[in-house]
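Inspection log for the structure reproduced underneath, given as structure tokens.
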Amino acid sequence: MRGSPLGGIADCLFSDELTGNIITVQSGTIGGYVYGGVHATSSITSNSVAISGGSVGRDVYGGYTWGGNALDNTVTIGGGMITGMVYGGQSLTGSAQANKVAIGGGTMSFVYGGYSHTSTASSNNVTVSGGSMSSVYGGISGNGTVSSNSVTVSGGSMTNVYGGQSGDGAAQQNNVTISGGRITGMGNGGYSDNGSALSNSLAINGGTITNSVYGGYSNRDDALGNTVTVSAGTISNSVHGGYSNDGSARDNKVVVDGGSMTHVYGGYNTTGTVSSNSVTIIAGTISGTVYGGYSTTGSAQSNIVEVTGGTIAGTVYGARSSAGLVQSNSAFILDGNTRTVSGASSSDGDALNNAVLIDSSASVSGNVSGGISTLKQANANSVLLNQGRIDGSLYGGNGGSGASSNSAVALGGTISGSVYGGLADTGTVSSNVAVIDGTASIGGNVIGGRSSLGQVINNRAEIYGGTIGGTVYGGMSTGSQVSSNSVFVMGGTMSGVYGAYSAAGSATGNSVYISDGTVADLVVGGAGVDATENTVVIYDTANLATAGIFGGYGIGGDKFTGNTLNVHGVMSVKQVGNFENYNFYLPQTMVAGDTALSVTGNTAVDLS
């Protein structure tokens with residue numbers, strides 16, 4: 001051994017032996033390095049350094065070798081001041097395995113459980129319960145794989161925490177656990193600059209983190225199967241299950257059961273695909289947005305968010321892409337509070353086959369959409385409200401240039417706004433459906449499909465029960481033709497019913513079928529500049545006593561040609577008009593002189 005471990009001044013402390021050395025520093029000043037074991041070419045094994053006081057001017061190594069392996073070396077820091085860095089074990093060209101650092105106090109620079117410049121770093125460990133330091137790494141390698149390294153933090157103050165980090169190799173199965181302390185930078189289960197990040201994990205059970213946290217992060221490769229769990233603590237920035245800049249982000253997961261944070265991402269990708277990532281929110285406070293998967297320019301597919309509790313101030317997205325396709329993503333809101341919800345959203349990509357479920361005692365203060373595309377198509381998306389409260393509106397699919405085959409279904413709960421099966425700014429809206437049943441309460445309108453400027457074709461609204469404060473429309477357009485849309489009413493209460501409505505186009509071939517329920521105001525086959533070939537079918541099992549029944553409706557144009565009214569049974573209405581064809585299906589109990597359809601209003605009925 002060179003130098004004194006107990007006091008005085010020495011340049012360096014080290015031993016000539018390769019294994020089993022013990023170096024203890026309790027006080028004094030050491031101007032240079034401290035090595036538990038050191039050798040140029042041989043492996044260094046099972047050496048240890050313990051520092052409880054004094055000062056060290058350079059780095060501290062449990063074991064150090066240029067050409068061999070660094071195995072099972074240990075450094076324990078309980079106090080003192082270390083100007084340099086702390087390494088459990090380091091090798092320049094060999095592997096660093098099963099080395100350990102335990103820190104309970106003192107001050108120091110960077111801390112490494114195991115460090116290899118060119119080979120593997122595996123199964124190294126750092127525990128921190130006190131002290132002050134820069135970044136902490138369980139295992140690190142310049143070129144090799146880092147695997148099964150871990151960091152456990154229960155106290156102390158540090159900048160960043162990495163379970164494992166590699167420059168060119170893979171980072172896999174590394175772990176960070178944080179239950180206390182203060183981290184002024186980021187927390188990362190596993191990081192690689194040029195390699196993949198695989199199956200790394202980060203668990204946060206307390207403490208304070210002022211930057212973002214990541215289960216796994218790859219700068220230029222894939223992030224696969226990484227996990228973050230949060231049960232307590234404060235995270236001032238975002239939580240990412242897996243993050244990739246240039247590769248794909250797949251099968252990553254975040255579970256939040258407490259604590260506070262800003263945004264949550266199951267998987268995040270800048271240019272590539274995000275797929276099969278998930279976020280589960282059980283409790284906690286999220287001041288921003290939740291994304292099952294997020295990609296800036298790539299596609300987002302099969303990502304999931306499930307919320308069973310907690311408070312989310314922003315939007316919940318099953319997935320979001322700024323420019324790519326979003327497909328087969330979903331959001332399940334079963335409890336808790338959130339602002340708005342979307343199964344998936346894309347600014348410049350199609351939204352296809354995404355879904356949202358709202359159930360139990362969930363509360364949403366804004367709108368809920370199955371799928372959104374700002375500039376392109378929203379097709380085959382769906383949203384289902386079983387129970388809960390939505391203070392905005394419900395949209396099956398919302399597209400910029402078209403919407404088809406979307407569905408919005410409310411079987412219970414309360415919606416303050418309206419319900420849209422499909423909605424688009426421009427382009428055709430077709431084959432969408434809105435369904436209301438059970439105890440659902442809708443404050444606004446129910447619309448099968450609506451387009452601001454495009455055609456609206458073959459959409460439908462189905463009402464089996466519930467209460468609707470506004471009007472039911474099979475289809476609606478403010479600027480184009482509406483055709484072949486339909487409304488089926490077999491229960492419930494509503495203000496009015498239109499097979500279709502257009503503010504500036506024609507309404508042709510639309511239909512209304514009412515066999516039960518109550519309609520208080522107008523029943524219209526089609527409304528538009530011209531409204532022709534529309535059909536209304538009514539049954540005496542429905543309550544239409546205060547309703548006006550019209551085949552066509554609007555100001556000017558043809559509201560008469562080809563419109564048909566079919567009356568089943570004996571019933572009373574307030575008004576009837578604008579039908580070319582009347583068909584009466586009479587019960588067998590009727591006799592001569594009986595009235596099939598009573599019109600109670602003062603407006604004359606033209607039956608010519």
Side-chain angles (χ1 to χ4, degrees), residues 110 112 114-122 124 134-151 158-176 183-202 209-228 235 237-254 262-277 291 293-300 303 319-324:
F110 294 91
Y112 305 92
Y115 192 127
S116 174
H117 285 254
T118 59
S119 188
T120 60
S122 62
N124 303 285
S134 296
S135 296
V136 176
Y137 301 82
I140 187 169
S141 175
N143 300 318
T145 299
V146 289
S147 62
S148 302
N149 303 285
S150 62
V151 176
M158 63 218 71
T159 307
N160 302 305
V161 176
Y162 295 84
Q165 176 175 312
S166 178
D168 293 328
Q172 56 191 38
Q173 297 181 327
N174 303 285
N175 170 259
V176 172
I183 299 165
T184 59
M186 67 178 65
N188 202 316
Y191 173 93
S192 179
D193 192 27
N194 295 310
S196 57
L198 310 173
S199 302
N200 303 285
S201 62
L202 171 64
I209 303 168
T210 60
N211 210 321
S212 296
V213 297
Y214 306 84
Y217 188 123
S218 175
N219 195 29
R220 296 179 180 88
D221 207 325
D222 298 333
L224 309 175
N226 303 285
T227 302
V228 175
I235 303 163
N237 212 317
S238 301
V239 176
H240 304 76
Y243 186 108
S244 173
N245 276 326
D246 291 336
S248 64
R250 187 173 70 248
D251 295 322
N252 302 287
K253 180 171 64 175
V254 174
T262 306
H263 306 296
V264 178
Y265 302 83
Y268 186 105
N269 196 297
T270 305
T271 60
T273 300
V274 289
S275 61
S276 303
N277 303 285
Y291 305 85
Y294 180 94
S295 179
T296 304
T297 59
S299 64
N303 302 283
R320 166 86 178 134
S321 176
S322 296

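- Every side-chain contact (heavy atoms from CB on, under 4.5 Å) that Leu198 has, sequence neighbours left out, goes to Gln172, Ser196, Leu224.
- Between Gly216 and Ala223, the shortest heavy-atom contact is O-CB, 4.3 Å.
- Judged by distance alone, with hydrogens and angles left aside, the side-chain atoms of Ser141 form no donor-acceptor pair with the main-chain N or O of Ala121 at under 3.5 Å.
- Put simply, the residue from Asp193, Asn160, Asn188, Ile140 that forms a side chain to side chain contact (heavy atoms under 4.5 Å, CB included) with Gln165 is Ile140.
- Under the 3.5 Å distance criterion, the side-chain polar atoms of Asn226 are matched with a main-chain donor or acceptor of Ala197.
- Note: Asn252 CG to Asn269 CG = 10.0 Å, rounded to the nearest 0.5 Å.
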Exercise for the section: Show the numbers, then the answer: is there a side-chain contact (heavy atoms from CB on, under 4.5 Å) between Asn303 and Val274? Expected result: CA-CA 8 Å; Asn303 302 283; Val274 289; 4.2 Å; yes
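- A donor-acceptor pair under 3.5 Å is absent between the side-chain atoms of Thr273 and the main chain of Ala249, judged by distance alone.
- Rounded to the nearest 0.5 Å, atoms OG (Ser218) and OH (Tyr191) are 8.0 Å apart.
- Here the side chain of Ser276 pairs no donor or acceptor atom with the backbone of Asp251 at under 3.5 angstrom.
- A side-chain N or O of Asn175 and one of Ser201 form a donor-acceptor pair less than 3.5 Å apart.
- For the atom pair His240 NE2 and Leu202 CG, the distance stands at 12.0 Å (nearest 0.5 Å).
- In this structure Asn174 satisfies the side-chain contact (heavy atoms from CB on, under 4.5 Å) test together with Val146, Asn149, Ala171, Asn200, sequence neighbours excluded.
- Looking at every heavy atom in both residues, Asn194 comes nearest to Asp168 through ND2-OD1, 2.5 Å.
- Side-chain atoms of Asp222 come within 3.5 Å of backbone N or O of Ser248 as a donor-acceptor pair.
- Atom OG1 of Thr159 is separated from atom CD1 of Ile183 by 10.0 Å, given to the nearest 0.5 angstrom.
- Rounding to the nearest 0.5 angstrom, the gap separating the OG atom in Ser166 from the CG atom in Asn143 is 7.0 Å.
- The backbone N or O of Gly298 lies less than 3.5 Å from a partner atom in the side chain of Ser321, making a donor-acceptor pair.
- Taking the six-membered ring where tryptophan is involved, the planes of Tyr291 and Tyr294 are perpendicular, since the angle between them exceeds 60° and thus also 30°.
- Interatomic distance, OG of Ser135 versus CE of Met158, reported as 10.0 Å (0.5 Å rounding).
- A donor-acceptor pair is defined here as one N or O able to donate and one able to accept, closer than 3.5 Å; such a pair exists between the side chain of Ser192 and the backbone of Gly169.
- What you find for Asn245 and Tyr217 is that their closest heavy atoms are ND2-OH, 3.6 Å.
- The one candidate from Tyr243, Tyr265, Tyr268 that meets the ring pair (Phe, Tyr, Trp, His ring centres under 6.0 Å) condition with Tyr214 is Tyr243.
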